[in-house]
Peer 1: 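Pasting in a structure now, in structure tokens, and then I'll have a few things to ask.
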Amino acid sequence: MHTRRTILGGLAGAAGAAALGPALRAQPGRPAPTPITRPIPSTGEAVSAVGLGTWITFNVGNDPVLRDECAAVVAAFFAAGGRMIDSSPMYGSSQPTIGYALARLGRPAALFSAEKVWTSAGRDGPPQIARSLGLWGVPRFDLVQVHNLLSWEAHLDTLAAMKAAGRVRYVGITTSEGRRRREFESVMASRPLDFVQITYNPLDREVESRILPLARERGIAVIVNRPFREGELTRRLAHHPLPGWAAEIGAASWAQLVLKFIVSHPAVTCAIPATTRVDHVRENLAAAADPLPDETMRRRIADHIGRL
Amino acid sequence: MSEWWTYGLSDFLMFSPRVYHRLIAATNAALWPAQIGTTLLGLVAAALIVAPRRGATRVVLPVLGGLWIVVAWAFLWERYATINWGILYAAPAFALQGLLLIVAGLARMVELREPRDAASVAAAALLVAIVLGWPLLAPFDGGALDTAESFGLLPDPTALGTLAILAALRGGLRFVLAIVPVAWALVAAATLYTLGAWTWVLVPAATTLAVALALIRPRPPSPRRW
Ligand SMILES: NC(=O)c1ccc[n+]([C@@H]2O[C@H](COP(=O)([O-])OP(=O)(O)OC[C@H]3O[C@@H](n4cnc5c(N)ncnc54)[C@H](OP(=O)(O)O)[C@@H]3O)[C@@H](O)[C@H]2O)c1
């Protein structure tokens with residue numbers, strides 16, 4: 001487990017990166033390269049292809065040390081060109097932790113706030129969104145998603161009205177690990193959505209057959225959650241050597257190889273790995289860079305990781 | 001919850017082990033030296049189970065009830081609920097359990113087994129093991145001593161210690177008083193398991209032992225009524 005010192009060391013720039021290979025090493029005096037962006041189909045607005053999740057990692061309660069560590073992650077995220085931060089009322093204290101970090105950073109203009117509504121009664125949606133706004137300390141969310149399709153009919157009506165009134169910019173729905181796939185597809189096909197959020201990584205690829213093509217067809221942006229299977233994938237891969245061919249696409253770590261696989265899918269807009277570490281957030285943002293894998297290389301990555 | 005079969009225990013764990021251990025350490029620092037006092041109270045309760053004194057139940061159960069209310073407020077509501085919204089439901093259950101213990105003790109709806117029998121001696125031994133042993137588990141599980149969990153201040157040893165005390169009682173209400181502690185034991189075992197702590201096995205073991213002791217039929221009370 002990392003210590004506060006390693007995190008602050010990461011903040012200072014050099015620590016940790018040295019172990020990650022040339023692609024990640026800080027270039028003194030040179031700003032970090034800006035990450036690849038993807039357009040949101042409904043407006044063309046660009047978001048960097050790697051964002052930041054907050055499930056578990058930002059649920060630190062009132063612990064002042066851990067809140068500062070999260071704030072350091074957010075600072076490094078914006079410094080590396082990140083935009084989208086994703087959270088939910090379901091994530092315990094993650095929302096106030098984001099609010100704390102944003103306040104410390106003077107509310108970065110680059111922020112693309114992706115929140116969720118998660119309550120079974122439709123009438124509880126608006127007060128919940130209002131509470132979330134207060135916890136983030138922002139006047140308006142860029143995106144509000146119906147979390148895990150919970151009471152989606154009522155919440156999508158609310159969100160459509162909020163969008164029409166200019167009180168939210170984009171509307172979406174989420175699921176994870178392939179749950180409620182049929183229903184998810186039918187909502188995608190029948191309701192106007194700007195975003196969907198689903199699970200996708202070299203091991204969880206069911207969405208390739210229907211949901212990702214449907215998103216392209218309908219002009220819906222795709223957010224990818226659980227890119228590392230909540231860390232289980234990166235922990236497992238750490239026992240194996242990174243294949244030499246990873247360098248061909250500039251991947252200096254397993255995490256980067258996985259992220260490059262995800263964001264190179266033409267339907268994907270943004271992957272949102274969560275992390276407690278400054279060095280990891282930098283590493284993740286740095287994966288949103290050319291060269292990205294072509295179709296042959298994507299198949300190679302999935303086959304290789306599938307065999308390990 | 002739709003497609004409930006696709007969820008595992010780990011899907012419900014919403015904080016990391018590090019956050020949980022730091023929360024306990026912060027609670028311990030804020031409440032110190034209450035740990036000494038609650039440990040002594042646990043030991044006094046064990047002594048009274050082995051050598052019942054007149055009116056002991058009227059003291060033991062209300063004090064125990066007070067400790068449940070302390071846990072409900074000082075740990076569950078004030079601290080644990082900040083990282084686990086499910087605790088917003090557990091805290092009132094702990095407070096209710098505290099009130100039930102106070103009422104049951106003051107109204108003598110249950111009594112310590114008297115004369116003491118093998119079951120009550122075993123229950124006292126289990127209580128001592130929990131009160132003295134539970135805080136020592138932290139270092140064995142790779143944690144620092146400041147993450148030690150004390151009876152009467154943190155929920156797991158409080159629930160298990162209470163089950164040991166209930167096993168030394170007679171009166172049908174003892175089973176009603178066991179509902180919240182057993183329910184918490186299930187939550188505690190699941191939490192420790194998903195946090196990767198081997199100590200989770202001790203929770204069902206202590207719970208089963210206490211419930212088994214409680215099921216041993218008490219001898220009829222001695223003719224001398226207190
Ligand atoms: N239904 C839904 O709406 C839904 C469901 C699931 C997730 N989500 C969203 O998606 C986000 C991402 O999913 P997730 O948090 O479940 O899992 P994840 O992002 O796949 O994995 C997070 C884990 O990966 C590790 N990690 C991050 N960067 C790493 C790196 N460069 N190298 C090695 N390990 C690294 C982190 O550990 P360290 O802290 O050590 O870096 C963390 O434990 C969530 O936070 C949430 O915002 C939404």
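Because the structure is a prediction, the values reported are computed rather than measured. Order of the sequence lines sets the chain letters (A, B, ...), proteins ahead of strands, with each chain counted from 1.
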Peer 1: In this structure, are over 12 heavy atoms from other groups packed under 6.0 Å from B/Tyr193 atom OH?
Peer 2: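 Not more than 12 within 6.0 Å, no.
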Peer 1: Checking A/Glu177 now: which residues fulfil salt bridge (Lys or Arg N to Asp or Glu O under 4.0 Å) with it, not counting sequence neighbours?
Peer 2: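 For A/Glu177 the salt bridge (Lys or Arg N to Asp or Glu O under 4.0 Å) partners, ignoring immediate neighbours, are A/Arg179, A/Arg226.
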Peer 1: Heavy atoms under 4.5 Å from chain A: which residues of residues 28-40 of chain B carry them?
Peer 2: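 Interface residues of residues 28-40 of chain B: none, nothing closer than 4.5 Å to chain A.
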Peer 1: In terms of heavy-atom proximity below 4.5 Å to chain B, should A/Phe58 be classed as side chain, backbone, both, or neither?
Peer 2: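 Contact with chain B involves no heavy atom of A/Phe58 at all.
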Peer 1: Can you confirm whether A/Trp55 sits close enough to B/Met14 that some side-chain heavy atom of one is under 4.5 Å from a side-chain heavy atom of the other?
Peer 2: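 With C-beta onward as the side chain, the pair touches.
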Peer 1: Are more than 12 heavy atoms from other residues, nucleotides or ligands located less than 6.0 Å from atom CZ of A/Arg229?
Peer 2: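 Count over threshold, so yes.
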Peer 1: Mind checking whether A/Leu66 and B/Arg18 have side chains closer than 4.5 Å, heavy atoms only?
Peer 2: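 A/Leu66 reaches B/Arg18 side chain to side chain.
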Peer 1: Check whether any side-chain N or O of B/Trp85 sits under 3.5 Å from a backbone N or O of A/Met90 as a donor-acceptor pair, and report yes or no.
Peer 2: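 Answer holds: yes.
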Peer 1: Are there more than 12 heavy atoms of other residues, nucleotides or ligands under 6.0 Å from atom CZ of A/Arg210?
Peer 2: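 For A/Arg210, atom CZ is not crowded (no more than 12 foreign heavy atoms under 6.0 Å).
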Peer 1: Using salt bridge (Lys or Arg N to Asp or Glu O under 4.0 Å) as the criterion, list what pairs up with B/Asp156, not counting sequence neighbours.
Peer 2: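 None.
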Peer 1: Any heavy-atom pair between the side chains of B/Arg22 and A/Val65 that's under 4.5 Å?
Peer 2: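 Touching, per the 4.5 Å side-chain cut-off.
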Peer 1: With A/Arg131, which residues qualify under salt bridge (Lys or Arg N to Asp or Glu O under 4.0 Å), at least two apart?
Peer 2: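 By the salt bridge (Lys or Arg N to Asp or Glu O under 4.0 Å) rule, A/Arg131 matches no residue at all.
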Peer 1: Answer with side chain, backbone, both or neither: which region of B/Leu13 has an atom nearer than 4.5 Å to a non-hydrogen atom of chain A?
Peer 2: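 B/Leu13 touches chain A through backbone heavy atoms alone.
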Peer 1: Indicate the atoms forming the closest heavy-atom contact of A/Ser93 with B/Thr82, along with that distance.
Peer 2: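 Closest approach of A/Ser93 to B/Thr82, heavy atoms only: CB-O, 3.3 Å.
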Peer 1: Quick one: OG on A/Ser176 to CG on B/Asp11, what's the gap to the nearest 0.5 Å?
Peer 2: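 Interatomic distance, A/Ser176 OG to B/Asp11 CG, rounded to 0.5 Å: 7.5 Å.
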